[in-house]
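Computed from a predicted structure; not experimentally measured.
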Amino acid sequence: MEGFDKKDGFDKKRNDRDDIFSKAVRAGKRTYFFDVKATRKNDYYLTITESKKRFEDDGRFRFEKHKLFLYKEDFEKFADGLKDAIDFIQAEQGVYNEEGQQEAPKESEDALSTAEYTNVDFEDLSK
């Protein structure tokens, strides 16, 4: 089979199918890319890429990238873990608005429910 290449036409078809959705989020010196891609069996997965611009000693720059692959069977557990971690940080250290200014720490739901139970008047028990 002269002139036959298994990959002829495959790369174009693969690239058309591979990129389903992309969203770039600029956050200070970093950019986060959320890309939905498809496997050969057309199962979707998410890649999250952090990109930072780094300057070399000679003045040139390069982009340093870190990539995370997240598969659909892990979405719920990942989202729960991310939410728990963000809630903890915001409860402990506060929230930053879009201008980078710190707002007051949020009280967690657990702290509010505990506060309700700790305000017990023992005179009420004797009645």
Side-chain angles (χ1 to χ4, degrees):
M1 296 181 92
E2 203 171 17
F4 178 74
D5 186 358
K6 288 183 185 180
K7 293 185 180 181
D8 274 354
F10 178 76
D11 290 338
K12 184 176 183 336
K13 290 178 186 174
R14 179 71 178 145
N15 286 338
D16 289 345
R17 187 180 61 188
D18 199 31
D19 296 324
I20 308 299
F21 172 85
S22 287
K23 172 82 175 169
V25 177
R26 299 196 194 295
K29 295 180 180 181
R30 294 178 177 86
T31 302
Y32 298 99
F33 297 94
F34 298 89
D35 299 309
V36 176
K37 299 183 180 252
T39 65
R40 288 183 182 166
K41 293 182 178 180
N42 208 33
D43 283 331
Y44 290 178
Y45 63 96
L46 175 67
T47 63
I48 303 170
T49 306
E50 174 202 36
S51 179
K52 294 186 279 189
K53 194 176 199 178
R54 296 287 189 201
F55 290 93
E56 303 290 341
D57 293 335
D58 63 2
R60 292 184 299 167
F61 66 89
R62 63 182 172 83
F63 289 98
E64 185 177 287
K65 295 180 180 182
H66 300 99
K67 189 172 277 201
L68 176 70
F69 290 80
L70 187 59
Y71 299 94
K72 64 184 178 183
E73 61 268 18
D74 301 326
F75 287 172
E76 190 172 331
K77 289 179 183 177
F78 182 88
D80 290 345
L82 179 62
K83 183 182 179 323
D84 290 346
I86 290 171
D87 288 348
F88 172 80
I89 292 168
Q90 290 177 339
E92 292 289 317
Q93 296 188 335
V95 178
Y96 288 84
N97 61 25
E98 290 191 20
E99 290 81 36
Q101 298 167 334
Q102 187 174 12
E103 298 174 2
K106 284 190 205 176
E107 288 192 41
S108 70
E109 290 178 23
D110 293 338
L112 292 174
S113 61
T114 305
E116 293 171 12
Y117 294 111
T118 56
N119 190 12
V120 176
D121 187 358
F122 288 102
E123 292 177 11
D124 291 342
L125 296 176
S126 63
K127 291 181 185 176

Tell me whether [X] at atom [atom1] has more than 12 heavy atoms from other residues, nucleotides or ligands lying less than 6.0 Å away.
X: Arg62; atom1: CZ; value: yes
X: Glu73; atom1: CD; value: yes
X: Lys52; atom1: NZ; value: yes

With Asp35, the side-chain contact (heavy atoms from CB on, under 4.5 Å) member among Thr47, Leu46, Ile20: Thr47
By salt bridge (Lys or Arg N to Asp or Glu O under 4.0 Å) - contacts of Asp58 (at least two apart): Arg60
Residues in salt bridge (Lys or Arg N to Asp or Glu O under 4.0 Å) contact with Lys72, at least two apart in sequence or another chain: Asp43
Nearest atoms (heavy-atom pairs only) where Phe75 meets Leu70: CE2-O, 3.5 Å
Aromatic ring pairing Phe63/Phe61, orientation class (parallel under 30°, perpendicular over 60°, tilted between): perpendicular
Hphob cluster co-occupancy, Ile86 + Phe34, side-chain heavy atoms under 4.5 angstrom: yes
Hydrophobic cluster membership, Leu82 vs Phe33, 4.5 Å side-chain cutoff: no
Any side-chain heavy-atom pair of Asp19 and Lys37 under 4.5 Å: yes
Distance in Å, Lys29 NZ paired with Arg54 CZ, rounded so as to fall on 0.5 Å steps: 8.5 Å
